[in-house]
Amino acid sequence: MRRRWQKSKPKIEAVKYVANDWIRSLEVFLIDEEGKQVGKMLTSQALAQAKEIDMDLILVNPKAVPPVARIADLGQLKYETEKKMHKQKVAQKKIDTKEIRLSVRIGDHDFNVRMEKAKEFLADGDKIKVGVIQKGREKQHPEKAIEMIRRFESEIKAAPGLDIAEEQGLTKEQGRFSIILINKK
């Protein structure tokens, strides 16, 4: 029996800080524990100053010339950055794309049900992908599929309270017509 291995999903890596004895540059631009800029200083002097007040010397910007170092508590700094990253992740709004499938021979009631569902999705802030799949002899009349999508689009644009725009125009892919609509509000 053959085993299939899946590649693991990449984890969000926390910022790795270079601190204390791991700093390899000779000079650093020092910022003290209160946030005041002290200026250029030898790394050994900055490290001694940090150990005097029982804190860590942390490289904040290693690419600057000279590198910028700060006197702070390393554990506290890591905690604050993790907390900030978590807040950003929570604040991100994920937009889903919902699909509405139509047919060339769809009835009025079914059409209206799909229209109401599309309005709900758009009001929630999601995108909708309206698609018409043609089967069998329906493929000989692509203009009917285009007409159905345009009818759906015009009726949803006429709906009150929604500001509808095309994110992606009408496309044909393997006997299937689709369009992506979004709510600008």
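Nothing fancy with the numbering, it's 1 onward along the sequence. A quick note: this is a predicted structure, and the numbers were derived from the prediction, not measured.
- Going from atom CG of Asp96 over to atom NZ of Lys127 covers 10.0 Å, rounded to the nearest 0.5 Å.
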Inset, instruction - Would you check, one step at a time, whether the test side chain to side chain contact (heavy atoms under 4.5 Å, CB included) holds for Ile182 with Ile95? - result: CA-CA 10 Å; Ile182 57 170; Ile95 298 174; over 6 Å; no
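- Ile100 has its side chain within reach of Phe121: a pair of non-hydrogen atoms, C-beta onward, lies under 4.5 Å apart.
- Nearest heavy atom pair, residue Ala69 against residue Leu57, reads CB-CD1, 3.8 Å.
- No more than 12 heavy atoms of other residues, nucleotides or ligands lie within 6.0 Å of CD in Gln37, so this atom counts as exposed by the packing criterion.
- For Asp126 (side chain) and Lys98 (main-chain N/O), no donor-acceptor pair under 3.5 Å exists by modelled atom type.
- Using a 4.5 Å heavy-atom threshold, the side chains of Met148 and Phe111 count as touching.
- A distance of 11.0 Å separates CD of Glu167 from CD1 of Ile179, quoted to the nearest 0.5 Å.
- Inter-residue side-chain proximity for Arg114 and Leu102 is flagged as met; some heavy-atom pair is nearer than 4.5 Å.
- Of the possible donor and acceptor atoms, one in the side chain of Glu138 sits under 3.5 Å from a partner among the backbone N and O of Lys135.
- When atom types are taken as modelled, the side chain of Thr43 and the backbone of Ser25 share a donor-acceptor pair closer than 3.5 angstrom.
- To the nearest 0.5 Å, atoms CD (Glu99) and CD1 (Ile180) are separated by 9.5 Å.
- At a threshold of 4.5 Å between non-hydrogen side-chain atoms, the residues Tyr17 and Asp56 do not count as touching.
- Checked for salt-bridge contact, Glu153 and Arg150 meet the test: a charged N lies under 4.0 Å from a carboxylate O.
- With hydrogens and angles ignored, the 3.5 Å screen pairs a side-chain donor or acceptor of Asn183 with a backbone N or O of Asp163.
- At a cut-off of 3.5 Å, with distance as the only test, a side-chain donor of Glu80 or Gln76 sits close to an acceptor on the other residue.
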